[in-house]
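This report refers to the structure that appears directly beneath it.
Values below: every heavy atom of this structure, side chains too, minus hydrogens, waters and symmetry copies.
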Amino acid sequence: MPKQVATAHRILLGTAVALLCQACNGAPTETRLHEAEPGDAIVIDGGTIVTLTKAFRPGTPNGLFDGGVSVSAPGVDERSAEVNAVCSMPDLPNWPEYDNIYGRWLEPDEIPGEAGGITDWQLLIYFDGRDQNKGGEPAPAWAKRLAQNACRKDDFEDD
């Protein structure tokens, strides 16, 4: 009987480990934007997941333009957006004291970068901790986290 108990414990332990590994592998993790490829999650904010659909085009000197993302959240239809970011650095001469992220929602068959100059939302993220909405509608809740990811290549936190 002790052999049977030991075997049962091994089976239960093995099953528990397998289930734990499946749970870990199934949960997406944030990928740093400069390392991300289309299909990678670049923002996870609560139940909202922002996935890269089109790589950002680098601009000069500190811009990332025409990136495409899809946004999924529980109970809400998935949406696509075109996003642009202009990154700054604190105390950099002749540069603003904020990062600037802006974008627009795309129509179902629209591709990021096809139509320029249109912006639905814009968020200025000041280095003193203030945020300022400047667009026609408030920036989505995930925009600040995406700006941190785009502009801060290490841990993408300003704190």
Side-chain angles (χ1 to χ4, degrees), residues 18-92 95-159:
L19 289 172
L20 183 61
C21 288
Q22 285 178 347
C24 293
N25 290 336
T29 58
E30 287 182 332
T31 301
R32 294 174 178 168
L33 186 60
H34 69 283
E35 298 171 345
E37 296 181 11
D40 289 340
I42 53 177
V43 171
I44 300 172
D45 184 17
T48 301
I49 299 174
V50 179
T51 304
L52 183 67
T53 59
K54 180 182 178 248
F56 284 72
R57 179 177 50 83
T60 48
N62 296 325
L64 298 166
F65 301 105
D66 300 330
V69 299
S70 68
V71 182
S72 60
V76 179
D77 289 340
E78 187 169 318
R79 292 182 84 182
S80 294
E82 174 183 282
V83 180
N84 302 284
V86 179
C87 304
S88 192
M89 292 175 56
D91 305 317
L92 189 65
W95 275 91
E97 290 291 312
Y98 56 81
D99 291 325
N100 180 2
I101 187 165
Y102 54 99
R104 67 186 183 89
W105 299 107
L106 298 175
E107 296 299 323
D109 293 327
E110 193 175 6
I111 296 171
E114 285 187 329
I118 303 168
T119 300
D120 292 329
W121 52 267
Q122 179 179 17
L123 181 65
L124 305 181
I125 305 162
Y126 289 87
F127 298 127
D128 65 6
R130 292 178 297 132
D131 298 332
Q132 182 181 16
N133 277 293
K134 297 282 287 184
E137 63 185 64
W142 49 264
K144 183 173 182 175
R145 183 75 177 153
L146 180 53
Q148 290 172 334
N149 190 336
C151 297
R152 306 292 171 268
K153 292 184 178 174
D154 279 330
D155 60 8
F156 52 92
E157 293 288 351
D158 283 332
D159 301 335

Got a second to check how far Leu64's CG is from Cys151's SG, nearest 0.5 Å? 6.5 Å
Considering all heavy atoms, the nearest Gly47-Pro74 contact: O-CD, 3.3 Å
Can you see which heavy atom on Phe127 is nearest to which on Tyr98, and at what distance? CE1-N, 3.5 Å
Side chain proximity check, Ile49 to Trp142, heavy atoms < 4.5 angstrom: no
Glu78 side chain vs Ser72 backbone, donor-acceptor pair below 3.5 Å: no
Determine whether a donor-acceptor pair (N or O, by modelled atom type, separation under 3.5 Å) exists between the side chain of Asp99 and the backbone of Ser88. yes
What's the shortest heavy-atom distance between Asn133 and Ala139, and which atoms? OD1-N, 2.7 Å
Could you state the interatomic distance from CZ (Arg104) to CD (Glu110), rounded to the nearest 0.5 Å? 4.0 Å
Val71 vs Thr48 side-chain heavy atoms within contact, under 4.5 Å: yes
Close side-chain approach of Lys54 and Val69, heavy atoms under 4.5 Å: no
Enter the distance from Thr51:OG1 to Ile44:CD1 here, rounded to the nearest 0.5 Å. 8.5 Å
If you compare all heavy atoms of Thr53 against all heavy atoms of Ser70, which two are closest, and at what distance to 0.1 Å? CG2-N, 3.7 Å
Atom pair NZ (Lys144) and CG (Leu146), whose distance is rounded to the nearest 0.5 Å: 13.0 Å
Output yes when a side-chain donor or acceptor of Asp120 lies under 3.5 Å from a complementary backbone atom of Trp105, and no otherwise. yes
For Asp91, does its backbone N or O pair with a side-chain atom of Glu97 as donor and acceptor, under 3.5 Å? yes
Closest approach of Pro38 and Ala55, non-hydrogen atoms and distance? CG-N, 4.5 Å
Distance check, rounded to the nearest 0.5 Å: Leu33 atom CG versus Ile42 atom CD1? 5.5 Å
Hey, could you give me the CD1/CG distance between Ile101 and Asn149, rounded to the nearest 0.5 Å? 9.5 Å
With the side chain counted from C-beta on, respond yes when Trp121 and Val83 share a heavy-atom pair under 4.5 Å apart, and no when they do not. yes
For Asp77, is the CG atom crowded, meaning more than 12 foreign heavy atoms sit under 6.0 Å from it? no
Under 3.5 Å, is there a donor-acceptor pair between the side chain of Asn84 and the main chain of Asp66? yes
Check step by step if side-chain contact (heavy atoms from CB on, under 4.5 Å) holds for Leu123 and Gln132. CA-CA 6 Å; Leu123 181 65; Gln132 182 181 16; 5.8 Å; no
Tell me, yes or no, whether the heavy-atom count around Glu37 atom CD, taken from other residues, nucleotides or ligands under 6.0 Å, exceeds 12. no
